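None of the values given here were measured: they were computed from a predicted structure. Start at 1 with the first residue, then count along the sequence. Keep in mind that the numbers below use all heavy atoms, side chains included, and drop hydrogens, waters and symmetry copies.
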Amino acid sequence: MIAQDLSLAQNWQAEHWQAELRRAFRNLAEFLEFCELNKSDVAWHLPDNFPLLVPRPYAQLIEKGNVTDPLLLQVLSPVSAGLTDVVYVKDPLKEVEQRPAPGLIHKFHGRVLWIPSPVCAVHCRYCFRQHYPYQEAVGKDHWDACLDYIRSHDEIEEVILSGGDPFTLSDAKLGYLAQRLGEIPHVQILRIHSRFPVVIPSRLTTGLLQALLQFPRSVSLVLHINHPREVSPALGTHLRPFWQAGIHILSQGVLLKGVNDDAKVLKQLSFACRAQGIMPYYLHLLDPIQGGEVFDLPLATARTLYEELRALVPGHLLPKLVREIPYQTAKVPIELL
């Protein structure tokens, strides 16, 4: 009877997050009405190749009637020029050139990044993969090719599932991937990068936890969080069983003009994360992606902000401010830029 009750709970949980994804805002007029804004308030940047997608649980965190709300700006940013000395391109990290198999990116020694799903739960205007050729990375044949590559390279100790967003896959598919990767002895760490639980916390189901635990060794979950208001009470509640089960929960974000370019806001973000069992990990400088120009900051400004943050938080709550540079062997900390 208990097993039957658990199965029913898992089905309800799955239906809930899937229903939330189906209900997400995709129509600009409807979204603006919900946010109590007018289309004439500002010239919004919304290209055809990267349409509006905002889940309602995330939209409910946006301050109504505020065109400069930091959560609103991430999903519907105004048109603006970037820095004059920066070239904004479609593939700023040259990832397309570093794919040994469809959907598999091998940039750094000892680890690979795998994109098993082309879909996200939210479209963020600064996304550095908004032009990625996702159509080349889907299907079981591609998964098998990725697994074969990982199996044949025993120097690969960590596999990172990224996106798109891996949590758009069903629990069953994620469990399958976790189990298959767990069968490869040299893969010691499974890391998942996701923004899904931040925008739809109910995605953190019992079934998802059981799926991730199909990997028999170390599992880490890195959540993409840019602002303290994104650390909602619902996120904390749904996360608790995951860190109680021994999954390492980390956060990473992007330093964004108009969103979190304030040392006090970044401090609040670190403390909000830690209060929910999330350890600050990375704060990225913006990748020069075509379409994200409005968020860019001068390097000197980023340095100043980081030094201010360093003085405000203890060392264990200080994320590493880094930039990813194509063909480098690792992310580069700001101290070396």
Side-chain angles (χ1 to χ4, degrees), residues 1-22 24 55 57-58 111 113-117 119-122 143 146-147 150 157-184 187-225 230-252 272-281:
M1 187 66 178
I2 294 176
Q4 183 179 5
D5 290 344
L6 180 60
S7 177
L8 290 172
Q10 291 172 355
N11 289 339
W12 181 87
Q13 289 175 327
E15 291 171 359
H16 185 72
W17 71 261
Q18 290 167 346
E20 286 291 3
L21 191 55
R22 288 192 296 269
Y58 187 78
R111 55 200 184 275
L113 188 144
W114 186 356
I115 301 175
S117 172
V119 183
C120 283
V122 62
W143 284 11
C146 293
L147 287 165
I150 295 166
E157 298 170 322
E158 181 178 29
V159 174
I160 304 164
L161 301 183
S162 188
D165 197 309
F167 282 174
T168 56
L169 297 174
S170 68
D171 296 343
K173 289 180 178 178
L174 285 165
Y176 169 81
L177 292 179
Q179 182 178 21
R180 293 294 304 276
L181 288 168
E183 295 168 356
I184 303 174
V187 177
Q188 296 297 308
I189 303 170
L190 174 61
R191 193 196 325 169
I192 302 98
H193 287 189
S194 179
R195 188 152 165 79
F196 205 131
V198 176
V199 299
I200 304 179
S202 61
R203 179 63 189 96
L204 295 169
T205 64
T206 302
L208 175 61
L209 175 57
Q210 293 179 341
L212 299 185
L213 293 178
Q214 293 298 306
F215 185 79
R217 294 175 286 280
S218 177
V219 179
S220 297
L221 171 58
V222 182
L223 297 176
H224 185 141
I225 309 173
E230 294 178 342
V231 189
S232 64
L235 175 62
T237 298
H238 284 85
L239 268 180
R240 188 170 297 112
F242 285 73
W243 54 257
Q244 288 177 336
I247 292 179
H248 306 284
I249 314 292
L250 306 167
S251 69
Q252 67 173 356
C273 284
R274 187 63 190 95
Q276 302 298 347
I278 309 167
M279 291 303 298
Y281 177 36

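- Separating the CD atom in Glu230 from the SG atom in Cys273 is a distance of 9.0 Å, to the nearest 0.5 Å.
- To the nearest 0.5 Å, atom CZ of residue Phe242 and atom CG of residue Leu213 are 8.5 Å apart.
- The shortest heavy-atom contact between Pro55 and Ile200 is CB-CG1, 3.5 Å.
- Closest non-hydrogen pair, Ile225 versus Ser251, comes out as CD1-CB, 4.2 Å.
- Taking the side chain as every heavy atom from C-beta outward, Val122 and Arg195 approach each other to under 4.5 Å.
- What you find for Val187 and Phe215 is that their closest heavy atoms are O-CZ, 3.4 Å.
- The side chain to side chain contact (heavy atoms under 4.5 Å, CB included) search around Cys146 returns Ala101, Leu104, Trp114, not counting sequence neighbours.
- Within the model, atoms CG of Leu212 and CG of Leu190 stand 7.0 Å from one another, a figure rounded to the nearest 0.5 Å.
- Taking both residues in full, the closest heavy atoms of Gly236 and Gln276 are given as CA-OE1, 3.1 Å, listed atom of the first, atom of the second, then distance.
- Contact check on Glu157 versus Arg217 returns no salt bridge, with no Lys/Arg side-chain nitrogen under 4.0 Å from an Asp/Glu carboxylate oxygen.
- Here the CG-CG distance, from Leu147 to Leu177, works out to 7.0 Å after rounding to the nearest 0.5 Å.
- To the nearest 0.5 Å, atoms CD1 (Ile192) and OG (Ser220) are separated by 7.5 Å.
- A side-chain contact (heavy atoms from CB on, under 4.5 Å) with Thr168 is found for exactly one of Pro116, Cys120, Ser117, namely Ser117.
- No option in Arg111, Gln188, Arg191 other than Arg191 meets the side chain to side chain donor-acceptor pair (under 3.5 Å) test with Glu158.
- Here the shortest heavy-atom pairing between Gly175 and Gln214 reads O-CB, 3.8 Å.
- Here the side chains of Leu204 and Leu235 are in contact, with some heavy-atom distance below 4.5 Å.
- How far CZ of Arg240 is from CD1 of Ile249: 12.0 Å, rounded to the nearest 0.5 Å.
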For this session: Carefully, step by step, assess Leu221 and Leu239 under the rule side chain to side chain contact (heavy atoms under 4.5 Å, CB included).
Result: CA-CA 10 Å; Leu221 171 58; Leu239 268 180; 4.3 Å; yes

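- Among residues two or more places apart in sequence or in another chain, the side chain to side chain donor-acceptor pair (under 3.5 Å) test is passed with Ser194 by Asp165.
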For this session: Decide side chain to side chain contact (heavy atoms under 4.5 Å, CB included) for Arg203 and Leu208; before the verdict, give the C-alpha distance in whole Å, the side-chain angles of both, and the deciding distance to 0.1 Å.
Result: CA-CA 8 Å; Arg203 179 63 189 96; Leu208 175 61; 3.8 Å; yes

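- A heavy-atom distance below 4.5 Å is found between the side chains of Leu209 and Ile247.
- Ring pair Tyr176/Trp143 is parallel by interplanar angle, where below 30° counts as parallel and above 60° as perpendicular.
- Under the 4.5 Å side-chain criterion, counting only non-hydrogen atoms from C-beta, Val222 is not in contact with Ile160.
- In this structure Phe167 satisfies the ring pair (Phe, Tyr, Trp, His ring centres under 6.0 Å) test with no other residue, sequence neighbours excluded.
- Nearest heavy atoms, Pro201 versus Pro57: CD-CB, 4.3 Å.
- With a 4.5 Å cut-off on side-chain heavy atoms, Pro197 and Leu223 count as touching.
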